[in-house]
Amino acid sequence: MKQHVRSLLSLGAGLGLGLAVAPSFAGFEVLTTAGTPVLKVCQGTESNRNPTDGVCEVTGEFPTTTNGVRTFPGLGGNTWALYASNNSQAVIANGTEVGRLDDRIWRRGSTTDYVFGIRITLNDRRWQPPLATCGAEDPDFFEVNDLGRIGFNGIATSVAYRLDGADEGIWLAGRTAQGLNQYPGSPEGLNPARNNDYVSFRSDINFDDPDGSSVATTAWYFVAARLTKPPKTTASGSVVGVRQGGEEGQCKFLVPVNGLRP
């Protein structure tokens, strides 16, 4: 995404949500539920990085079922554990599997503090956009410009990313269902229509990107939240939205994927 983004955000410190406070300008960052700007600048775009390093980024191991780790990067407490997994969900665009989604939830001890995490790995496989939606486009590699999940209405959220071998983190994040080229002022604008049921992440993931910045695997994208009841441990339909936004003129296309819902 080779465009200019003016970082108008006040890059808040601390995690909030009743969880442990994170260092200023690092780790989990609170997403607003009212006012403007709607989007928070984390890493910034490829050509216009946020001048402050490490916004929204966490490092270190997170718990799995085998590694014995009980802490979570960027958060307090030493009783974190994997709560639910929905890994290797197929991402199917117009009949073609273009990638796989890993989806997990972690919980801090017996508390109501949870972290939802998603990551996508795209395949070396071209897909054919639908003629009725996109016209006579040639098959091409699917590009992920926006990745979001639903179920957070009335719930305060903070976000972070962990590179885990990926080349890029979260560029922008916010409480919105609108992505690249879906709102006035896009791609530079930070104010898509607010929808607090969603947490959406902006990036640029493509196995073979026309702009030359090919990145096939996303970072881990995390949402931290304090819930009033335990989340589901089995996947529900259309919880995660994987969206190609037409950055280089491609077809705008949304792929709904099963996911773990709060």
Side-chain angles (χ1 to χ4, degrees), residues 1 15 19-20 22-23 25-29 31 40-46 49-50 52-78 80-91 98-108 113-124 142-149 157-173 199-209 213-225 235 239-242 257 259-260:
M1 187 178 295
L15 175 61
L19 301 180
F25 306 124
F28 280 79
E29 295 282 331
L31 295 182
K40 175 176 288 291
V41 176
C42 289
Q43 194 173 28
T45 65
E46 288 171 328
R49 296 293 185 186
N50 190 323
T52 303
D53 291 335
V55 179
C56 308
E57 183 179 5
V58 296
T59 59
E61 288 189 281
F62 49 64
T64 69
T65 56
T66 60
N67 66 2
V69 173
R70 302 289 283 171
T71 57
F72 201 95
L75 301 180
N78 58 3
W80 288 92
L82 187 64
Y83 176 82
S85 296
N86 172 47
N87 294 331
S88 200
Q89 281 284 302
V91 180
V98 296
R100 289 271 171 169
L101 173 93
D102 286 339
D103 180 23
R104 303 178 189 176
I105 304 175
W106 294 266
R107 184 183 186 185
R108 181 162 67 92
D113 297 335
Y114 295 88
V115 174
F116 296 77
I118 47 178
R119 175 179 64 177
I120 284 183
T121 298
L122 294 175
N123 297 334
D124 181 6
F142 192 90
E143 179 164 292
V144 179
N145 297 118
D146 297 281
L147 183 62
R149 63 189 312 153
T157 59
S158 294
V159 297
Y161 70 87
R162 178 180 181 268
L163 287 174
D164 197 26
D167 292 331
E168 294 184 355
I170 301 168
W171 292 8
L172 310 170
V199 173
S200 296
F201 304 102
R202 179 80 49 81
S203 193
D204 182 14
I205 309 300
N206 194 324
F207 186 89
D208 188 8
D209 200 317
S213 59
S214 299
V215 180
T217 302
T218 69
W220 275 101
Y221 300 157
F222 298 128
V223 182
V239 168
V240 177
V242 183
V257 183
L260 298 168

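For reference, positions follow the sequence shown, starting with 1.
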D204/E143 under side chain to side chain contact (heavy atoms under 4.5 Å, CB included): CA gap, chis, key distance, verdict: CA-CA 7 Å; D204 182 14; E143 179 164 292; 3.2 Å; yes

Residues D103, R149; criterion side chain to side chain contact (heavy atoms under 4.5 Å, CB included); working and verdict: CA-CA 11 Å; D103 180 23; R149 63 189 312 153; 2.9 Å; yes

From CA spacing to verdict: side chain to side chain contact (heavy atoms under 4.5 Å, CB included), V239, L260: CA-CA 7 Å; V239 168; L260 298 168; over 6 Å; no

Stepwise side chain to side chain contact (heavy atoms under 4.5 Å, CB included) test for W171 and R49: CA-CA 8 Å; W171 292 8; R49 296 293 185 186; 3.9 Å; yes

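Ring-plane geometry between F62 and F72 is classed as parallel, the angle between the planes falling under 30 degrees on a 0 to 90 degree scale with a further cut at 60. Relative ring orientation between Y83 and Y114 is described as perpendicular, the plane-to-plane angle rising above 60° on a 0-90° scale split at 30° and 60°. Classified by interplanar angle (parallel below 30°, tilted 30° to 60°, perpendicular above 60°), the ring pair W220/F222 is parallel.
The two residues I170 and Y161 make their nearest non-hydrogen contact at N-CD2, 3.4 Å. Nearest heavy atom pair, residue G60 against residue R162, reads O-NE, 2.6 Å. For the pair A81 and P63, the tightest heavy-atom approach, listed with the atom from each and the gap, is CA-CB, 4.1 Å. Here the closest heavy-atom approach between residue W80 and residue L75 is recorded as CZ2-CD1, 3.5 Å. When all heavy atoms of L31 and A173 are compared, the pair lying nearest together is CD2-O, 3.8 Å. Closest non-hydrogen pair, G169 versus L163, comes out as N-CD2, 3.7 Å.
The OG1 atom of T218 sits 7.0 Å away from atom CZ of R119, with the distance rounded to the nearest 0.5 Å. Residue R100 holds its CZ atom at 12.5 Å from CG of L122, rounded to the nearest 0.5 Å.
Between F142 and the choices N206, V91, V242, the side chain to side chain contact (heavy atoms under 4.5 Å, CB included) rule is met once, by V242.
Judged by distance alone, with hydrogens and angles left aside, the side-chain atoms of R104 form no donor-acceptor pair with the main-chain N or O of N87 at under 3.5 Å. Formation of a donor-acceptor pair under 3.5 Å by the D146 side chain with backbone atoms of R202 is not found in this model.
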